[in-house]
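Below is one structure; the comments refer to it alone.
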Amino acid sequence: MEGGSRAEGRNPNQLRPFSCTGNPLHRAHGSARWAQGGTIVLAAVYGPKPGTRKGENPEKASIEVVWKPKTGQIGRQEREYETTLKRTLQSICLLTVHPNTTTSVVLQVVGDDGSLLPCAINASCAALAFAGIPMKHLAVAIGCGVMDNGAVILDTNTAEEQQAKSFAHLVFPNSRKSVDSKDPTQKDEESERGLISCITHGAMSEDDYFNCIERGVAASSKISDFMRKTLQKEVSGDA
Amino acid sequence: MAMEHLRWRPTVNERDFIERALQSDLRVDGRHSFDFRKLKITFGREDGSSEVQLGETHVMGYVTAQLVQPYRDRPNEGTLAIFTEFSPMADPAFEPGRPGESAIELGRVIDRGLRESRAVDMESLCVVAGKHVWSVRVDLHILDNGGNLIDAANIAALAALSTFRRPECTVGGDDGQQVTVHDPEVRDPLPLTIHHMPIAVTFAYFGEGNIVVLDPTYKEEAVMGGRMTATVNSNGDVCAIQKAGGEGVMSSVIMQCLRIASVKAADITSKIKKAVDSYTTEKALKKVKRLPTSVPQKISVTDVIMEDKGDGELEKQTVDVQQISKDPPTIVKVSSHEDAQPMTESSNAEVNTSSAVAAGESDESQEIGSPKSLKDAIKPKHKRKKKSDKS
């Protein structure tokens, strides 16, 4: 990158334009189409269905994830995405509400321009909310890249992911909305709420990693505001 | 875990209601017997990516191409392969993994209609006879099963093939066998040659073959006695007919259906052509301008589906300055990367390296792409090519 600026003229902390459409599909119980720039993922949720698969704990609900790439055979990369998503979603859903059931989440990649896994996590979280699956909190995901000069950029696209020294996909719980708005002391509380998932590619120093997390937390509050607004609009639209 | 109980079965009342209404020439959604549902065709950012909505049925088509060795008995023809995915998101009864019989049937009907009727010109896909030809792969993803998947998937395949652009390649080198695949930023990619558009039209039969309707919804499909799919084109040629079992129908009824099908095919062909043309001209305009003012246009193309439901996109622009950002003007960069990625093992090592080099180079050129953009707009060669592309 020349001049420290990103290819599309974004500054390092700028996210791509988001959009989320609620329930674009008619047969699915809940669905969401989440777009971050050129990366678009369509998530559909069916459930809870009776019975669990062999090997799953029947005392809890189980989540089944199917990842469909845009083209090509299903390989290891898709299986890895499915496992990551399954574990992330299992940690945010209330599994004891409907024991011995399976909720299936199906993802279809419509466009891929970097930060595909965070986009998919956001889409599936929104789809679960639209389907009415009980959850503890939402999962908000963001991709961060560490460039060669040590700069940390948010919401990487494909070109940036390839050029970066390393990049990480981080998933945070959504930020709480305080009753008194814009309280600056909330910041410490948020960073203590922790990290749900983190997948890194490439080697990064500890400082870079903590830097990424810090930026990620800040971005997650923006994304959770957006998600909250979208969900509220969808709910008020139905009613 | 048995999935049979998940397949939607109509209740006795529903079945009775649908059949009785049809006897009085009424359909459950208020259509006439031979009316298609509302058709909406949209395109994605990349070339060769289409989404079709026919009523409640939603299908996505995606075309990619790769250089491979041709079949031995056809050394100077490219290949066209159609892969259909009945995604589990479309219907709770669809299971991931092995395709069921309806998925295979759908794939075969579309394949016959497109490939065997020679709708797409295969000989123009030959690069070096006997060694390198383009293999075009069409992936059809069924996203929402609202009934009549064959017709919707066919339209998605045609729309995607019409907007697909394959990279230009030249043969050269010492032995005249070296193939260089050009990056889309360097040389404009070429469209496929499509001779005619075979349109699939599906009829459903009820009540011992007396009652015929067009474009059944999934409830009507569950209740129908038999179905027939006729693939015809606007010239009046019958490309394929599929009637697999079901109730017996009189031949006079079949002839009537074929006549109706050719009328409908002309109508749908014009709709597809209109959508493809408006997309192509919009893309050409964007390429010439490359100014931030093109951004509002771009949002309307990709997010047409989002307009009726919540448009959070317009909302978010007022939330925070941080989030407002120009969408990248270099949209084409994604397509070059996708096309160059090998999906299956390519047998020819030479070709692999040249296309990999092209992909590697493309990244660098894309980064330098933005300062180059104004120069590109002024280049007369590009403008002339744009105009010829439009026609």
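Just so it is clear: chains get the letters A, B, ... in the order the sequence lines come, proteins before strands, and each one is counted from 1.
Residues Ser49(B) and Lys70(A) are in side-chain contact: their nearest non-hydrogen atoms beyond the backbone lie under 4.5 Å apart. Counting only heavy atoms from C-beta outward, the side chains of Met60(B) and Leu42(A) never approach each other to under 4.5 Å.
Rounded to the nearest 0.5 angstrom, Glu51(B) CD and Ile40(A) CD1 are separated by 7.5 Å. Distance check, rounded to the nearest 0.5 Å: CG of Leu25(A) to NE2 of His58(B) gives 7.0 Å. Of the inter-residue distances, the one linking Asp112(A) atom CG with Arg45(B) atom CZ reads 11.0 Å to the nearest 0.5 angstrom.
For Lys60(A), the NZ atom counts as loosely surrounded, since its 6.0 Å shell holds 12 or fewer non-hydrogen atoms of other residues, nucleotides or ligands. Shown here is Arg228(A), whose CZ atom has more than 12 heavy atoms of other residues, nucleotides or ligands within 6.0 Å.
At a 4.5 Å heavy-atom cutoff, the contact between Tyr218(B) and chain A is made by side-chain atoms alone.
At distances below 3.5 Å, at least one donor-acceptor pair connects side-chain atoms of Asp144(B) with backbone N or O atoms of His26(A).
Closest approach of Tyr46(A) and Pro88(B) over heavy atoms only: CE1-O, 3.3 Å.
For Ala127(A), the side-chain contact (heavy atoms from CB on, under 4.5 Å) test picks out Ala32(A), Ala43(A), Val45(A), with sequence neighbours left out. Annotation: side-chain contact (heavy atoms from CB on, under 4.5 Å) contacts of Ser87(B) (sequence neighbours excluded): Lys68(A), Val106(A), Met89(B).
For the pair Arg27(A) and Phe94(B), the NZ or CZ position fails the cation-pi test of under 6.0 Å to the six-membered ring centre and within 45 degrees of the ring normal.
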